[in-house]
There are 2 protein chains.
Amino acid sequence: MDTPHNCQLCQKQPTSAFHDLSADGLNEISQLKTCVSFKKGQVIIHEGARPQGVYCIHRGKVKLYTLGTEGKEQIIRFITSGDLLGYRSILSDEPISASATALEDTHACYIPKSSFFKVIQDNPKFSLNMLKLSCHELGEAGKMITSLAQKNVKERLAEILLILNSTFGEDEEGYIDINLTREEIANMVGTATESVIRLISELRKEGLIRSKGKRIALENRSSLRQIAAVYE
Amino acid sequence: MDTPHNCQLCQKQPTSAFHDLSADGLNEISQLKTCVSFKKGQVIIHEGARPQGVYCIHRGKVKLYTLGTEGKEQIIRFITSGDLLGYRSILSDEPISASATALEDTHACYIPKSSFFKVIQDNPKFSLNMLKLSCHELGEAGKMITSLAQKNVKERLAEILLILNSTFGEDEEGYIDINLTREEIANMVGTATESVIRLISELRKEGLIRSKGKRIALENRSSLRQIAAVYE
DNA sequence: CAATCAAAATGACTTTTGTCATATATTTGA
DNA sequence: TCAAATATATGACAAAAGTCATTTTGATTG
């Protein structure tokens, strides 16, 4: 077990389910949680398993993905500081429908199933936050479905690059601050690795992005937005 | 306003959020709801709008869809007896992300936003049911994402036919009991209408389905399952 | 700091899917 | 019930995306 993380950080984060939780509620969670770490590449939860608790990510980045035909990964979304992991399966009382793997060394709080339900029951505010959160995710999933069904690969790639940039921000040199292989990008976009590589070259030639090894920086967001046809 | 519907029907239905609700809770809802009807083809909720309440479908069938590029529909899922409509947007406090249109004459109960929140606050059981429901939907959405990203059109069509059959059942002649055009099926599968028509012909020639006009009946489920590669 | 390994890049080719045109069949509603 | 409208069906072709093979580049580590 690791050194305990400070739950108040999550309480302050507006996107967290613990946002605005009462001191009592926060205290309750602090008592029930334990702290764990995962190395880069380590599997945190495994598709098909029955989960025994939820994780609240304290620091690090995690990919959430399902395994399709022939074990091909489909990345559903990313999970990072303040986000919860594993709650879907526990709340719907179904086997885990998506696996999660750490993209970098990750620290998290673990809250056992029974404790999680206790917190939900004792804190209507938290319960409503969870409801809001899952409804928000549901809307995002709907957008992803429409995008996969109706856009071509280049449009989807442009969209994903914009999402990655706004989710993870940029490093000092302007590159998107996440370490993904072209294959992993392909697994988000829902296409072949070669197609992603080809289209990244194309976008680079068009001057919309630049790249150095696996790292990518956006150079012309508005054109990318136009390609992605994200009118929002 | 229509003749009032009996809420006990929803209470008894295991898939409904009102399942197992206390007599008090049920009574509270009965007081707050009004009853409404929609003609076939009528739009019930409209993408981008701000919803003022939720609908509980009493009888009828509704398609839920987002509008993609050039106004093309992407059907996300169907909503039928006992199901709620419009709650996602209200709970996540975002504009409606999907439109809903009645596929046949539909009767529903309307619960205004404020009443809906009141019921959630007064009935922890209902609140937890809603949470379970949205988490279940989230799992289904994840499956749909993987399917769209990794399966080819024929596999997805086979999958959709199996889903339609189990969701809506069959009429006396064995046809799937829902009235959809080939275009609407294409809008679920995420492909062109012609592709759906061609593949339906193909499946018919292979003896896996039969069809009469727009109606379709499954003849060989296990082969369809194999094509859909649904190992479950 | 090289040697090794893994990932990115690119070309050639195949398959799948989409588009457009047109013929045939089925619904629908007056 | 019959005509008009709508949907299904099919062919020909075009475009998009996937697969396989190979080269080049970048990352890793003893």
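- The NZ atom of B:Lys143 lies 12.0 Å from the CG atom of B:Leu138; values are rounded to the nearest 0.5 Å.
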Open item on the list: Run the side chain to side chain donor-acceptor pair (under 3.5 Å) test on A:Arg156 and A:Thr191 for me, step by step, so that the C-alpha distance in whole Å, both residues' side-chain angles and the decisive distance to 0.1 Å come before the verdict.
Closed with: CA-CA 10 Å; A:Arg156 298 205 303 272; A:Thr191 188; 5.2 Å; no
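- Put simply, OH on A:Tyr175 and CZ on A:Arg210 are 4.5 Å apart, with the number rounded to the nearest 0.5 Å.
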- [ ] Test salt bridge (charged side-chain N to carboxylate O under 4.0 Å, His left out) on A:Arg204 and A:Glu219 and set out the steps.
- [x] CA-CA 9 Å; A:Arg204 191 178 39 233; A:Glu219 292 278 82; over 6 Å; no
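- Residue B:Asn152 has its side chain nearest to C:dT17 when only C:dT17, C:dT28, C:dT10 are considered.
- Atom P of nucleotide C:dA25 and atom CD1 of B:Ile200 are separated by 18 Å, given to the nearest angstrom.
- The CD1-P distance, from B:Ile227 to C:dT16, rounds to 14 Å in whole Å.
- Comment: A:Arg215 engages A:Asp171 in a salt bridge, judged by a side-chain N to carboxylate O separation of less than 4.0 angstrom.
- Positionally, the nearest nucleotide of DNA chain D for A:Ala192 lies more toward the 5' end than for the other of A:Ala192 and A:Gly213.
- Nearer the 5' end of DNA chain C, as judged by each residue's closest nucleotide, is the contact made by B:Arg156, out of B:Arg156 and B:Lys40.
- One cannot find a donor-acceptor pair under 3.5 Å joining the base of C:dG18 and the side-chain atoms of B:Arg198.
- Residue contacts shown for A:Thr191 are limited to sugar-phosphate atoms, with no base heavy atom under 4.0 Å away.
- Note on ring orientation: taking the six-membered ring where Trp is involved, the planes of A:Tyr110 and A:Tyr55 are tilted (angle from 30° to 60°).
- Other residues, nucleotides and ligands place no more than 12 heavy atoms under 6.0 Å from the CD atom of B:Gln8.
- Taking 4.0 Å as the cutoff to heavy atoms of chain B, we find the contact window on DNA chain D bounded by D:dT8 to D:dA12.
- Taking CG from A:Asp105 and CD from A:Gln42, the interatomic distance works out to 9.0 Å, rounded to the nearest 0.5 Å.
- A salt bridge links A:Glu170 to A:Arg221: at least one charged side-chain nitrogen sits closer than 4.0 Å to a carboxylate oxygen.
- One atom, CD of B:Glu194, and another, P of C:dT19, lie 8 Å apart when rounded to the nearest Å.
- Counting non-hydrogen atoms under 4.0 angstrom, A:Lys212 reaches nothing in the nucleic acid.
- The 5' end of DNA chain D is approached more closely, in terms of each residue's nearest nucleotide, by A:Val153 than by the other of A:Arg215 and A:Val153.
- The stretch residues 174-187 of chain A touches DNA chain C through A:Thr181, A:Arg182, each having a heavy atom within less than 4.0 Å of the strand.
- Taking atom CG of residue A:Leu157 and atom P of nucleotide C:dA8, one finds them 13 Å apart after rounding to whole Å.
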